[in-house]
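Whatever order the structure lists them in is the order used to number ligands and atoms, beginning at 1.
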Amino acid sequence: MEKTADVSSDENRSSPAGGRGHEGEPHRQGELGSRLNWLRAGVLGANDGVVSTAGLVVGVAGAAATSAELLTAGLAGLLAGSMSMATGEYVSVSTQRDSELAALDQERRELAHTPEAELEELTGLYMAKGLTRDLAREVAVQLTEHDALAAHAETELGIDPEELTNPWHAAGASFVAFTVGALLPLLAIVLPPASVRVAVTVAAVIGALVVTGWVSARLGSARVGPAVGRNVLGGAIAMAITYAAGVLLHAAR
Ligand SMILES: [Zn+2]
């Protein structure tokens, strides 16, 4: 099944709304696509929180730490991770927004100074989409009368000037998503008795990674099995490595 009628979900896969290193362009799709992108970014953020905090606390537990030490390490990891995610998201979305605002300014200037050339440009863009010259011209004229900037922003730049992503919203969403994910391994390592805390944490983390892998695969219309498998394997390897490092460090002391 290479081709799918659901074009918007195909686009979602390639441009989630944020997360470090992702192209945050949720406004390029419709409102549903935008919401799915945010949801997907949230699941990925939570997944980050689960894996990084699980690796951290399991490693510290491997070095035979007390509950108080585990709580300190886990909380520090939670805060450091969530702020790092929020900062990265803020920077990336701000940069994106700056370049979009600059492009809109440029478009505004062009519309003010060379309206006829802009109308011709818009006509050409609709012809490129498949309209005849006369119809393209008619569409361009009517949309220019309605809202010239919006028409150019949408057709030429692929952005909606009313819906630029707010960097603070993106940062806040990342912070919350990571924190929610990080709380799970933190509580799982701190609450149970010392003899079973690592086993409880590993079980809780694997359960959570099954859920986040399943949800993100569904949101991206990808196959569920491989997505869940990769997600669980990644988390399990992270915990195995940090636990081994903790045990070795403890033995060396
Ligand atoms: Zn233009």
Side-chain angles (χ1 to χ4, degrees), residues 2-45 85-174 177 216 219-222:
E2 290 290 343
K3 297 257 189 268
T4 163
D6 190 359
V7 176
S8 69
S9 67
D10 259 351
E11 288 176 0
N12 292 336
R13 209 177 302 152
S14 58
S15 56
R20 273 170 302 174
H22 302 301
E23 292 135 52
E25 302 174 323
H27 41 266
R28 288 210 173 180
Q29 288 91 44
E31 204 170 317
L32 179 63
S34 162
R35 227 175 275 152
L36 281 175
N37 280 342
W38 281 99
L39 192 55
R40 189 157 181 272
V43 173
L44 290 174
M85 290 284 291
T87 306
E89 192 64 19
Y90 182 85
V91 169
S92 127
V93 172
S94 294
T95 305
Q96 166 94 14
R97 189 186 170 94
D98 285 351
S99 60
E100 287 171 349
L101 288 174
L104 286 172
D105 266 350
Q106 161 96 21
E107 205 57 45
R108 221 173 261 123
R109 274 196 302 276
E110 289 173 2
L111 281 166
H113 294 121
T114 53
E116 191 47 48
E118 286 299 296
L119 187 61
E120 192 49 46
E121 177 189 49
L122 203 53
T123 304
L125 288 168
Y126 291 126
M127 284 169 70
K129 281 178 183 258
L131 301 187
T132 62
R133 168 143 202 104
D134 287 350
L135 184 54
R137 179 80 183 182
E138 182 60 25
V139 170
V141 167
Q142 289 202 17
L143 287 178
T144 299
E145 279 168 10
H146 176 67
D147 186 342
L149 183 64
H152 282 262
E154 191 205 336
T155 312
E156 197 184 332
L157 308 172
I159 59 182
D160 180 347
E162 304 292 316
E163 297 232 350
L164 298 186
T165 310
N166 183 322
W168 286 106
H169 291 176
S174 285
S216 51
L219 290 176
S221 310

The Zn ion (ligand 1) has as its nearest N, O or S atom from E118 the atom OE1
Hey, is the main chain of R109 close enough, under 3.5 Å, to the side chain of H113 for a donor-acceptor pair?
-> yes
If the Zn ion (ligand 1) is the vertex, what is the angle to OE1 of E121 and OE2 of E107, rounded to 10 degrees?
-> 160°
Would you say the side chain of L143 lies within less than 4.5 Å of the side chain of E154, judging by non-hydrogen atoms?
-> no
Taking the side chain from R133 and the backbone from M127, do they hold a donor-acceptor pair closer than 3.5 Å?
-> no
Starting from the Zn ion (ligand 1), look over the N/O/S atoms of E156 and name the nearest one.
-> OE1
Checking distances from the Zn ion (ligand 1), one finds that the N, O or S atom of H152 closest to it is ND1
Could you tell me whether the side chain of R108 reaches within less than 4.5 Å of the side chain of H152, counting heavy atoms only?
-> no
